[in-house]
Amino acid sequence: MSIAIHSHHCHTLLTSCKNLRGLIQIHASFIKSGVDTNSYFTGKLILQCAISIPDALPYARRLLLCFPHPDAFMFNALIRGYSESHEPHNSVAAFVEMMRKGLVFPDSFSFAFVVKAAASFQSLRTGFQMHCQALKHGLDSHLFVATTLISLYGECRCVEFARKVFNEMRQPNLVAWNAVVTACFRGNDVAAAKEIFDKMLVRDHMSWNVMLAGYTKAGELESAKRVFSEMPLKDDVSWSTMIVGFAHNGSFNEAFSYFKELRRAEMRPNEVSLTGVLSACSQSGAFEFGKTLHGFLEKTGYCWIISVRNALIDMYSRCGNVAMAKLVFEGMPEKRSIVSWTSMIAGLAMHGHGEEAIRFFNEMTQSGVRPDGIAFISLLYACSHGGLIKEGEYYFSKMKRVYHIEPEIEHYGCMVDLYGRSGKLKKAYNFICQMPISPTAIVWRTLLGACSSHGNTELAEQVKQRLNELDPNNSGDLVLLSNVYATVGKWKDVASIRKSMIVHKIKKITGWSMVEVGKAMYKFTAGEKKKGINVEAHEKLKEVILRLKDESGYAPEVANALYDIEEEEKEDQVSKHSEKLALAFALARLSKGANIRIVKNLRICRDCHAVMKLTSRVYGVEILVRDRNRFHSFKDGSCSCRDYW
DNA sequence: CTAGGGTTAG
């Protein structure tokens with residue numbers, strides 16, 4: 001009787017407790033009333049500590065160790081807690097400790113949790129060991145254990161083992177079927193996934209959604225579309241999977257149409273589809289559609305969801321309107337997460353507002369939000385794009401010293417960019433040589449880019465040698481090296497690169513640019529066949545170039561042309577760059593005085609940059625170009641990047 | 001008294 005009363009009391013006490021302090025008080029009351037020796041109550045206490053209270057895992061562990069004969073429930077609570085924490089390897093340690101005691105045997109729960117931990121850090125070795133132990137205890141075919149083993153093998157890209165475990169199950173349920181299909185997709189075995197799916201006799205929503213997610217992740221969008229049209233019932237997950245899937249694959253217009261269709265069907269979009277469609281706007285620079293969405297989000301109240309608001313901040317800054325991004329950010333006074341701050345810092349960085357980005361960073365730390373690795377990447381990126389070398393060095397050292405965040409390769413990459421961009425090429429080179437982790441191709445490529453903008457052929461050749469060891473046939477690197485030679489007029493070297501690219505069948509990445517006219521996005525590709533909007537763009541471009549030559553003495557800069565060809569031909573090649581076509585098209589179609597927004601997949605070239613500057617003055621328009629790295633805002637003949645990019 | 005499969009912003 002007294003236990004029953006206590007049990008109810010204990011339950012309400014524990015579920016209402018949200019922090020460690022409260023939990024310690026409950027523990028104290030347990031000791032006072034003498035139930036601290038009761039394994040049921042202590043088990044509950046450990047579970048609460050391990051999974052519901054942040055940073056209370058060490059306390060949970062001590063509770064268990066202090067208990068005379070901890071039972072399986074207690075160990076399971078600890079194993080589960082660690083498996084969901086940022087230190088899942090401790091889950092395995094707790095499991096081993098349980099086995100070592102020899103008095104408690106692991107049960108199906110223990111295996112399910114520990115296998116999940118192994119899956120989270122993708123350790124096939126640990127997975128195998130746990131699988132063997134499960135086999136020893138006769139639990140390897142247990143419904144839940146086997147299902148987690150299937151996901152583990154999926155995470156580790158071991159489709160064969162996943163299928164083996166599945167085939168040995170006596171009565172796999174729907175969840176197990178879905179898990180094995182997912183495992184096939186994870187291991188890139190799309191054919192096997194389809195084969196198993198076709199064999200399924202019973203399929204609910206989830207199975208179809210598994211197929212949608214699998215196909216979109218594999219980039220098989222046509223198959224995803226087919227499944228989507230065939231599935232008997234589409235829930236909100238189905239819709240969001242399509243929107244997110246298409247957005248990730250660069251099919252922004254299709255992502256938009258799925259969203260529009262969802263709204264036409266009068267369904268309620270969820271958080272995921274909203275962030276997905278906003279991400280499609282961000283990536284493609286669809287500012288007008290983004291604004292329309294913002295209106296809808298305000299009207300419906302969706303913009304009070306933090307993730308949606310963060311995506312909105314990102315949308316505005318990537319669409320070139322950092323002022324709107326700030327407004328959205330400032331409208332969420334209390335609940336700003338690390339993501340909100342980082343989006344804002346990254347947005348300011350992209351626009352070259354280095355000092356302001358630093359101010360935001362400091363404000364963030366003062367408000368009690370702890371920066372993480374990604375926040376530092378944005379901050380360092382802001383320093384390098386703003387030419388703030390001293391500041392960059394200061395925060396880079398602070399990262400380790402104050403916040404105990406070990407710099408990763410991306411951080412080192414930012415520092416190389418910081419030195420290289422400002423012309424301190426030797427310093428950048430020495431920095432790479434002294435890095436405690438080995439540099440990746442991306443790091444060397446950053447330096448190669450800096451050599452290219454500062455015309456240092458000698459170092460560029462040295463760097464290319466390093467790149468040859470890591471990623472020999474990268475087209476971008478060859479183009480960069482060729483640009484260095486072209487800058488100093490070494491046309492023979494340019495020609496030899498051209499030859500080797502032909503011999504090795506290495507193709508340049510085709511540059512494309514998108515421009516928004518009305519509410520539609522138009523895409524232009526360099527060297528495309530002249531038809532449709534392309535004809536219009538080319539004709540307008542001829543006129544624009546003539547006017548620029550006439551009124552502002554524009555002379556094409558051909559250094560970035562790849563080949564050793566006649567001057568006239570080089571000029572012709574540069575004049576076909578996609579951003580120029582997009583610009584001309586916008587000048588032809590947009591009403592006078594409207595801002596022009598262009599998004600490009602590669603870095604903008606020198607000549608295009610010059611043309612944009614002159615056009616902004618001669619035509620009296622504002623032009624915004626987002627290239628691979630940052631924003632360029634052209635106004636009255638100059639650019640916000642101060643020619644520093 | 002505790003589980004397993006699909007979509008989530010920097």
Side-chain angles (χ1 to χ4, degrees), chain A residues 7 10-11 14 39-48 50-51 71-81 83-84 107-113 115-116 119 142-152 154 169 172-183 185-186 204-214 216-217 235-245 247-248 269-279 282 305-315 317-318 337-347 349-350 371-379 381:
Chain A
S7 164
C10 162
H11 181 78
L14 282 172
S39 61
Y40 174 85
F41 288 117
T42 309
K44 282 291 225 179
L45 194 63
I46 293 174
L47 183 63
Q48 183 73 10
I51 64 167
D71 60 16
F73 184 91
M74 296 176 187
F75 276 107
N76 291 348
L78 200 61
I79 294 169
R80 179 183 173 193
S83 79
E84 290 165 6
D107 57 17
S108 61
F109 288 100
S110 328
F111 283 110
F113 295 136
V115 169
K116 196 182 164 202
H142 182 280
L143 189 60
F144 285 8
V145 178
T147 308
T148 22
L149 278 170
I150 292 170
S151 342
L152 164 93
M169 287 176 83
N173 63 1
L174 200 60
V175 180
W177 279 91
N178 293 338
V180 76
V181 172
T182 304
F185 276 123
R186 288 262 149 81
D204 72 354
H205 282 124
M206 184 81 82
S207 317
W208 294 87
N209 286 343
V210 166
M211 292 305 284
L212 287 185
T216 55
K217 279 192 185 128
D235 65 1
D236 62 329
V237 175
S238 325
W239 286 95
S240 37
T241 305
M242 291 306 272
I243 293 166
V244 170
H248 273 170
N270 67 6
E271 200 179 325
V272 180
S273 49
L274 289 170
T275 50
V277 73
L278 283 168
S279 150
S282 304
I305 302 171
I306 295 198
S307 58
V308 171
R309 213 173 174 93
N310 291 343
L312 204 51
I313 295 170
D314 187 53
M315 184 278 289
S317 40
R318 278 184 207 271
S337 70
I338 180 77
V339 179
S340 334
W341 286 98
T342 311
S343 308
M344 211 48 244
I345 293 167
M350 267 187 280
D372 61 6
I374 306 174
F376 271 104
I377 291 175
S378 304
L379 181 67
Y381 173 82

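In what follows, chains carry the letters A, B, and so on, assigned in the order in which the sequence lines appear, proteins first and then strands, with residues in each chain numbered from 1.
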> Can you check side chain to side chain donor-acceptor pair (under 3.5 Å) on D235(A) and N209(A), steps first, answer last?
Replying inline: CA-CA 9 Å; D235(A) 65 1; N209(A) 286 343; 3.3 Å; yes
>> Using a 4.0 Å heavy-atom cut-off, does I338(A) contact any base of the nucleic acid, only the sugar-phosphate backbone, or nothing at all?
In response: base
>> Categorize I51(A) for me: base, sugar-phosphate, or nothing, with a 4.0 angstrom heavy-atom threshold over every strand shown.
In response: nothing
>> Would you compute the distance between atom CG of N310(A) and atom OG of S343(A) and round it to the nearest 0.5 angstrom?
In response: 5.5 Å
>> So S378(A), base contact, sugar-phosphate only, or nothing? Heavy-atom distance under 4.0 Å.
In response: nothing
> Using a cut-off of 4.0 Å on non-hydrogen atoms, how would the nucleic acid contact of S343(A) be classed: base, sugar-phosphate, or nothing?
Replying inline: sugar-phosphate
>> Applying a 4.0 Å non-hydrogen cut-off, can you work out what V244(A) is touching in the nucleic acid: base, sugar-phosphate, or nothing?
In response: sugar-phosphate
> With sugar-phosphate meaning primed atoms plus P, OP1 and OP2, does D235(A) contact a base, only sugar-phosphate, or nothing at under 4.0 Å between heavy atoms?
Replying inline: base
> With sequence neighbours excluded, what pairs up with R80(A) under the salt bridge (Lys or Arg N to Asp or Glu O under 4.0 Å) test?
Replying inline: E84(A)
>> Using a heavy-atom cut-off of 4.0 Å across all strands, would you classify D314(A) as base, sugar-phosphate, or nothing?
In response: sugar-phosphate
> Please walk me through it: do R309(A) and S340(A) pass side-chain contact (heavy atoms from CB on, under 4.5 Å)?
Replying inline: CA-CA 8 Å; R309(A) 213 173 174 93; S340(A) 334; over 6 Å; no
>> Could you walk me through whether S238(A) and T241(A) satisfy the side-chain contact (heavy atoms from CB on, under 4.5 Å) test, starting with their C-alpha distance in whole Å, then the side-chain angles of each, then the deciding distance to 0.1 Å, before giving a yes or no?
In response: CA-CA 5 Å; S238(A) 325; T241(A) 305; 5.7 Å; no
> Contact class for D236(A) (heavy atom, under 4.0 Å): base, sugar-phosphate, or nothing?
Replying inline: nothing
>> Any base atoms under 4.0 Å from A112(A), or only sugar-phosphate, or nothing? Heavy atoms, all strands.
In response: nothing
>> According to ring-ring contact (aromatic ring centres under 6.0 Å, His included), who are the partners of F111(A), at least two apart in sequence or on a separate chain?
In response: F95(A), H137(A)
> Could you give the start and end, 5' to 3', of the contact zone on DNA chain B for chain A, using atoms under 4.0 Å from its heavy atoms?
Replying inline: dC1(B) to dG10(B)
